[in-house]
Amino acid sequence: MSDDKKIEKLELMRHSTAHVMAEAVLQLFPGAKIAIGPSIENGFYYDFDLPRSITTEDLEKISDVMREIIKEKKDFVRTEVSKAEALNMFADQPYKLELINGLPEGEVISTYNQGGFTDLCRGPHVENSGQLNPQSFKLLSIAGAYWRGDESRPMLQRIYGTAWTNPKDLRMHLQHLEEMEKRDHRKLGKELDLFSLHEEAGPGLVYWHPKGARIRLAIEDFWRKEHYKNGYEMVYTPHVGKAWLWETSGHLDFYKEGMFNSMEMDASDYYAKPMNCPFHILIYNNTKRSYRELPCRWAELGTVYRYEKSGVLHGLMRVRGFTQDDAHIICTPEQMADEISETLRFSLFMLRSFGFTEFKAYLATKPTSGKSVGEQSKWDAAIESLRAAIEKEGLEYDVDEGGGAFYGPKIDLKIKDAMGRAWQLSTIQFDFNLPERFKMTFVDHDGKEKQPYVIHRALLGSIERFFGVLIEHFGGAFPVWLSPVQVCVIPVAAPFDDYAKKVASDLKEAGLRVEVDLSDLRMNAKIRNAQNQKIPYMLIIGEKEEEEKAVSVRLRTGKQTNGVPFADFLSMINEKIEKQELI
RNA sequence: GCCAGAAUAGCUCAGGGGUAGAGCAGCUCACUCGUAAUGAGCAGGUCAAGGGUUCGAAUCCCUUUUCUGGCUCCA
């Protein structure tokens, strides 16, 4: 069977399992109202309106009933009905009635019956519940979900499940979930002492511990070096600005709910910045600009503050204060296409440097409804340049028609991490709003003042989120160029402490991040600790090493090489760091 | 924000109306050890915060805070 066929079959099974679950829930909760139940990645869910909250014990009971239903080997029978018949059939199911009434005129309405349960459903389904395996699904979690995703509508109870063709695949999936739990950046952040959050000091605000800070500095140093290489300049701007700035930029009109409340000083309102753009524009507007100066590429690791709803905060991935690896490119219309193409190339280079190899681009075009700013011709040119850049890089991409912001089209880049999960990191975005609002100009060849293009871009996105993604991608075992501790020197016993200290200080002198374990633990325990800290190199130091001026190298993989001359080790590790090897 | 669950030592967790528990980490002492945990001892707590019920609350109830899983996948 081809991969596509397999996936199709899985989707049928998952969707059908959702129907079986709905039947089971209706058996256990007569009078339950059912909403929708699609197949999703790795499984399915179904939304219910129930008289009481479901508990994890209920999931067991529901699963038992589901297994009974599957064993009865009932046919899934498709029936096409008229709208009137459908309304009649689902008279006591208000959510279904809403769906039926929402269907376009002339649409074929179909139902699927599996014996004790009939659902409004487009299908298709498996032919018989006997094609489902009672041992290869599992109900995973209960969650609240708004009817039709609309927070003004009732909150339903959603049951998530996973389903596979056979028990082995289910087991593998459950193992995969366990592995993801182990790699959770919140867990590893604690275990490796990288960062913390403090509810008493404010949720969603990140504290970088010394080891986390070392990684951040390694990232930032690399980032700055590459930006200078690629023709960027660094700027620094304030963290707060007066209301005038945010009124001019439009943030107070369009983004106020996303901002921290104002603070009053000398009868003026100041706001913490939710974005860096207006500040960069003030720098631009500081003097009259010539076409000869463009493009301006100004980058800043700019820390911004945004009010995120309390329920959406999540470790480092969604926070209220974060540092964008931001830049604004201000250029002439003639330069625009090259700038976009170059920015996309640079973005891919940066992400590949951290070991990401799979990318997908999303091109978001002009909103079809509602307001948008900027002339149509500018939108067209901008979208074309974005598309051309994606195609030049040979990236797979989807077009999100109408998905752009009101102020301009954009490319979002999603990467896949080592666990196969997608994360949106980079974004390259046109802004037709700010040049207008801040009356940005440059003097062109012909002596006339013209409006420049402003391109907003972040490659890593936010340093906090990027760090979270990196932690999970590497499972905490960072490549040596990023490791907070690159080498741990371990004397086998106290008499060799002095030589161990010498080795450590020589490595430190050479610019490496080194620790030496002089505790009175046994060597085995020291190795175990270093191993748990996922330190890439352990140097074991004893009598032989001291005599030979050598080190014994143990990798965190367990591999070891004894009697390596110190100088050889130093040049080997330096080379790996220099090349940013992703071991 | 909304729905559901959770909060006990620095960490991981047990307990559950009647004197607060373990392992690890920490500290002290002994051991001086060759590739994933040496041993003994000591210390560590307003059981998230506030209120209520009770002779008595960490335990039951209410409120608040924070965290977790969701609220994107469209019959």
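Every chain is numbered from 1 and lettered A, B, ... according to where its sequence line falls, protein lines coming before strand lines. Note that the structure is a prediction, hence the values are computed from the model and not measured.
- Remark: P of B:G5 and CG of A:D58 are 11 Å apart, rounded to the nearest angstrom.
- OP1 or OP2 of B:U38 has at least one side-chain nitrogen or oxygen of A:R522 nearer than 4.0 Å.
- Atom CD in A:E546 sits roughly 14 Å away from atom C1' in B:G34 (whole-Å rounding).
- B:A4 and B:A9 are spaced 27 Å apart, taking the P atom of each and rounding to whole Å.
- Of all nucleotides listed (B:G34, B:A36, B:U38), B:U38 comes nearest to the side chain of A:A525.
- Of all the heavy atoms in A:I541 and A:A500, the pair that sits closest is CG2-N, 4.1 Å.
- If you take atom C1' in B:G56 and the same atom in B:C13, they sit 28 Å apart, rounded to whole Å.
- Of all nucleotides present, only B:G1 satisfies the Watson-Crick or G-U wobble test against B:C71, with each distance under 3.5 Å.
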Throw together a table of side-chain donor-acceptor distances under 3.5 angstrom for residues 399-407 of chain A, partners on residues two or more places apart or in other chains.
{"unit_1": "A:E401", "atom_1": "OE1", "unit_2": "A:T365", "atom_2": "OG1", "d": "3.1"}
{"unit_1": "A:Y407", "atom_1": "OH", "unit_2": "A:Q429", "atom_2": "NE2", "d": "3.0"}

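- Considering only side-chain N and O atoms, A:R554 lies under 4.0 angstrom from the phosphate OP1 or OP2 of B:A36.
- The gap from the P atom of B:A43 to that of B:C27 amounts to 16 Å, rounded to the nearest Å.
- Within the 4.5 Å cutoff, the side chain of A:F322 has no heavy atoms near those of the A:L316 side chain.
- Between B:C61 and B:A20, the two C1' atoms lie 23 Å apart (nearest whole Å).
- When heavy atoms are screened at a 4.0 angstrom cut-off, A:E543 is found touching base atoms of the nucleic acid.
- For B:A6, the paired base is B:U66 (Watson-Crick or G-U wobble, both distances below 3.5 Å).
- One N or O donor and one acceptor, one from the side chain of A:E545 and one from the base of B:G34, sit under 3.5 Å apart.
- The C1' atoms of B:U68 and B:C31 are separated by 45 Å, rounded to the nearest whole Å.
- Nucleotides B:A57 and B:G51 are separated by 13 Å at their P atoms, to the nearest Å.
- In this structure, B:A58 forms no base pair with any nucleotide, since neither Watson-Crick nor G-U wobble geometry is met with both distances under 3.5 Å.
- Closest-nucleotide positions on RNA chain B for A:I54 and A:A493 were compared, and the one nearer the 5' end corresponds to A:I54.
- Figure legend. B:G16 is base-paired to no nucleotide; pairs are counted as Watson-Crick or G-U wobble with both atom distances under 3.5 Å.
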Which atom pairs, donor and acceptor, lie under 3.5 Å between side-chain atoms of residues 303-313 of chain A and protein residues at least two apart or in another chain?
{"unit_1": "A:T303", "atom_1": "OG1", "unit_2": "A:T323", "atom_2": "OG1", "d": "2.9"}
{"unit_1": "A:R306", "atom_1": "NE", "unit_2": "A:P274", "atom_2": "O", "d": "2.8"}
{"unit_1": "A:R306", "atom_1": "NH2", "unit_2": "A:P274", "atom_2": "O", "d": "3.0"}
{"unit_1": "A:E308", "atom_1": "OE1", "unit_2": "A:R318", "atom_2": "NE", "d": "3.2"}
{"unit_1": "A:E308", "atom_1": "OE1", "unit_2": "A:R318", "atom_2": "NH2", "d": "2.9"}
{"unit_1": "A:K309", "atom_1": "NZ", "unit_2": "A:E151", "atom_2": "OE1", "d": "3.4"}

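- A:L192 has its CG atom 13 Å from the P atom of B:U12, to the nearest Å.
- With a 3.5 Å ceiling on both atom-pair distances, the Watson-Crick or G-U wobble partner of B:U38 is B:A30.
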If the sugar-phosphate is the primed atoms plus P, OP1 and OP2 and the base is the rest, what is the B/S/- string for nucleotides 66-75 of chain B, using protein heavy atoms under 4.0 Å? SSSBBBSB-B
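- Legend: residues meeting ring-ring contact (aromatic ring centres under 6.0 Å, His included) with A:F76, ordered by chain and number and at least two apart, are A:H125.
- When both distances must be under 3.5 Å, the Watson-Crick or G-U wobble mate of B:C11 is B:G23.
- Residue A:D520 is in base contact, counting any heavy-atom pair closer than 4.0 Å across all strands shown.
- Distance noted for atom C1' between B:A6 and B:U59: 15 Å (whole Å).
- If you take OG on A:S552 and NZ on A:K544, they are separated by 7.0 Å, rounding to the nearest 0.5 Å.
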Enumerate, atom names and distances included, each donor-acceptor pair closer than 3.5 Å involving a side-chain atom of residues 203-210 of chain A, sequence neighbours excluded.
{"unit_1": "A:H209", "atom_1": "ND1", "unit_2": "A:D193", "atom_2": "OD1", "d": "2.7"}
{"unit_1": "A:H209", "atom_1": "NE2", "unit_2": "A:S196", "atom_2": "N", "d": "3.4"}
{"unit_1": "A:H209", "atom_1": "NE2", "unit_2": "A:S196", "atom_2": "OG", "d": "2.7"}

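- Using a 4.0 Å heavy-atom distance criterion, A:Y307 is classed as a sugar-phosphate-only contact.
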Apply side-chain hydrogen bond (donor to acceptor under 3.5 Å, both in side chains) to A:Y146 and A:R148, showing your working. CA-CA 6 Å; A:Y146 296 110; A:R148 307 205 116 178; over 6 Å; no
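- Nucleic acid contact for A:T55: none, since no nucleic acid atom lies under 4.0 Å from a heavy atom of the residue.
- Atom P of B:C33 sits at a distance of 15 Å from the matching atom of B:U38, rounded to the whole Å.
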May I have the list of side-chain donor-acceptor pairs in residues 411-420 of chain A shorter than 3.5 Å, sequence neighbours left out?
{"unit_1": "A:D412", "atom_1": "OD1", "unit_2": "A:Q424", "atom_2": "NE2", "d": "3.4"}
{"unit_1": "A:D412", "atom_1": "OD1", "unit_2": "A:T427", "atom_2": "OG1", "d": "2.9"}
{"unit_1": "A:D412", "atom_1": "OD2", "unit_2": "A:K410", "atom_2": "NZ", "d": "3.2"}
{"unit_1": "A:D417", "atom_1": "OD1", "unit_2": "A:M419", "atom_2": "N", "d": "2.8"}
{"unit_1": "A:D417", "atom_1": "OD1", "unit_2": "A:G420", "atom_2": "N", "d": "3.1"}
{"unit_1": "A:D417", "atom_1": "OD1", "unit_2": "A:R421", "atom_2": "N", "d": "2.9"}
{"unit_1": "A:D417", "atom_1": "OD2", "unit_2": "A:R421", "atom_2": "NE", "d": "3.3"}
{"unit_1": "A:D417", "atom_1": "OD2", "unit_2": "A:R421", "atom_2": "NH2", "d": "3.1"}
{"unit_1": "A:D417", "atom_1": "OD2", "unit_2": "A:W423", "atom_2": "NE1", "d": "3.0"}

